[in-house]
Structures are given as structure tokens and as C-alpha cells.
Novice: 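Dropping a structure here in C-alpha cells format, bear with me for questions.
In each ligand, atom 1 is the first atom listed, and ligand 1 is the first ligand listed.
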Amino acid sequence: MARLRVGVLASGRGSNLAALIKATSDPAYPAEIALVIVNIAGTQALARAEAAGIPTRLIEHRTFATRAAFDAALDSTLREAGVEFVCLAGFMRLLTSWFVRQWEGRLLNIHPALLPAFKGLDTHSRALASGATEHGATVHFVVPEMDSGPIIAQAAVPVRAGDTEAALAARVLEVEHRIYPEALRSVAEGRVQIAEGRCLIDGQAVVIDRR
Ligand code: GRF
């Protein structure tokens, strides 16, 4: 069976990209990474993709006059590479509604919190400060509103006594690396439907993974 051709957009460390590279390196995995686009030169994400022999493109947002022009370049580059589905993996740019609509239903993001809690940045420190007893990560389809959209996977981790932001972030990152490849697999296997703003996987509602 043909594997789903995925484009990954990243801006930084690229550890979620690495998790996707690892998953897709198994020929039995139903998706392959056709292209990695980074928007900042010299990032670890770029180095990781190059080391894995994956085609890469550097499209620097700062060289574009407008957000629309940058997003148009992203869109055409993805299409030229035959990309069918896009994963945001630590991509630190807000995408225009136009771009999101081009890829609607074919665009995933990973966020380091149990959405709808803690949208935006600094999720770990805010979770700690809130007194929450659990925290986690979410993979969701992207809609124009930031950190919203149908949730395809969520995993929770406990907040432990004496946790620091770094300790909590590391615990969350571990589950991120598990749920992103799992979510992409379920999409690539055609097991995901979106109905009324919610994902159904094999016809079932998504449940929080507390393994
Ligand atoms: C991750 O915490 C991800 O959830 C968020 O940005 C971070 C990216 O980390 N969207 P990395 O670049 O994948 O290591």
C-alpha cells in the first residue's frame, strides 16, 4: 500500500520530528516523510532531517514581507514535493486562515498541554502554577483559531510533588513522542473521521491515554 506522504514543519529542537522520523523509518509504518521545512537556519530540526536523508527546505519567514507571502511559499513548496498531509512539530509561526483552509483536515499540530487547558506558550509553568494534578500533551487537527481544533490524541502525566518546570516538561515530552506517531498512524490508516468538531477513531471517541 502506498504510504501517506507527509510534510513536517519545524522551527527548533526537533524532538517530535525525530519521533516521527523514527516511526516512519519502519517500512511497515503507513506514512513517510517526504519533506521537512524549517523557517530558521541552523536549527536542530534541520540537522536531524538531513542526518536521516530526508529532503529539506529552509524557508525563512523573516525574508518575506507578509505572513500571506510566507504561507504561500510554504503551500507551494509542500505541493511541489507531493505532500499529502502536514504535521507541525514545534513550528513557531502562526499560520494564516488561508493556509489552514488549504490543508484543512490534513494538518496536525502537537501542543504540550491537555487542551483546551493551557493554550499558547509556557504551558508547563502555567500548569504548575495552577495547582493542576495532571498535565500532558495533545495532538489535534489545526483550525484557524490557535491551539483549537478536533483532538486526535491526548496523553496525561501526573504533576509530582516538588516538580520543576524542566522535570514536568521532560515527562510531557516523553508522551508527546509516543502520541504523535500514533496519531499520524491512525490518520494514515484511514481510521479517523471528524464529526461536529470531534475526532472519531474506528468510530470511537478519543480517550485520554493515562498509561
Ligand atoms: C513541543 O513541546 C511541542 O509540543 C510544541 O513545541 C515543542 C517542540 O519541541 N508544539 P520539539 O522541537 O519537537 O523538540
Side-chain angles (χ1 to χ4, degrees), residues 6-25 31 33 35-52 54 56-61 74 85-95 99-100 103 107-130 132 134-159 163-185 187 206 208-209:
V6 174
V8 181
L9 272 50
S11 300
R13 177 178 57 183
S15 71
N16 279 287
L17 168 65
L20 293 172
I21 290 173
K22 184 163 178 242
T24 53
S25 69
I33 303 178
L35 180 67
V36 171
I37 301 178
V38 302
N39 64 313
I40 298 168
T43 54
Q44 226 181 321
L46 185 60
R48 290 186 202 262
E50 284 171 354
I54 294 168
T56 60
R57 287 289 301 274
L58 169 65
I59 303 181
E60 291 181 284
H61 64 277
L74 291 179
F85 196 93
V86 177
C87 289
L88 306 180
F91 186 64
M92 300 304 286
R93 300 295 301 168
L94 286 177
L95 293 164
F99 182 92
V100 172
W103 293 90
L107 180 57
L108 288 182
N109 180 43
I110 186 155
H111 181 74
L114 291 171
L115 291 172
F118 308 119
K119 296 179 179 183
L121 299 174
D122 300 324
T123 57
H124 308 306
S125 62
R126 288 191 288 142
L128 279 177
S130 75
E134 65 176 8
H135 186 40
T138 303
V139 180
H140 65 95
F141 283 92
V142 176
V143 295
E145 191 189 332
M146 189 187 70
D147 297 333
S148 301
I151 291 169
I152 179 169
Q154 271 188 322
V157 300
V159 177
D163 253 350
T164 59
E165 195 183 327
L168 184 56
R171 198 173 306 129
V172 170
L173 200 60
E174 204 177 307
V175 299
E176 291 188 35
H177 297 163
R178 185 174 79 225
I179 66 173
Y180 213 172
E182 285 176 1
L184 181 60
R185 170 189 285 278
V187 166
V206 172
I208 298 183
D209 175 350

Novice: For H135 and H124: C-alpha separation, side-chain torsions, deciding distance, then whether ring-ring contact (aromatic ring centres under 6.0 Å, His included) applies.
Specialist: CA-CA 8 Å; H135 186 40; H124 308 306; 5.0 Å; yes
Novice: With a 6.0 Å cut-off (strictly less than), is the heavy-atom count around CE of M146, excluding the residue itself, greater than 12?
Specialist: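 Yes, enclosed.
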Novice: Which distance, rounded to the nearest 0.5 Å, do you find between the OG1 of T123 and the CG of L114?
Specialist: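 So the gap between those two atoms works out to 10.0 Å.
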Novice: Taking everything shown except E174 itself, do over 12 heavy atoms lie less than 6.0 Å from its CD?
Specialist: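 No.
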Novice: Tabulate distances under 3.5 Å between N/O atoms of ligand 1 and N/O atoms of the protein, writing both atom names on each line.
Specialist:
from, atom 1, to, atom 2, distance (Å)
ligand 1, 2 (O), E176, OE1, 3.2
ligand 1, 2 (O), E176, OE2, 3.0
ligand 1, 4 (O), I110, O, 3.4
ligand 1, 4 (O), E176, OE1, 2.7
ligand 1, 4 (O), E176, OE2, 3.4
ligand 1, 9 (O), R13, NH2, 3.1
ligand 1, 10 (N), I110, O, 2.8
ligand 1, 12 (O), G14, N, 2.8
ligand 1, 13 (O), S15, N, 3.3
ligand 1, 13 (O), N16, N, 2.8
ligand 1, 13 (O), N16, ND2, 2.9
ligand 1, 14 (O), R13, NE, 2.6
ligand 1, 14 (O), R13, NH2, 3.2
ligand 1, 14 (O), S15, N, 2.8
ligand 1, 14 (O), S15, OG, 2.5

Novice: How far apart are the closest heavy atoms of I110 and N16, and which atoms are they?
Specialist: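 Distance-wise, the nearest heavy atoms are CD1-OD1, 3.8 Å.
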Novice: Does the side chain of H177 pick up a donor-acceptor pair with the side chain of S15 at under 3.5 Å?
Specialist: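 There is such a pair (donor and acceptor under 3.5 Å, judged by atom type) between the side chains of H177 and S15.
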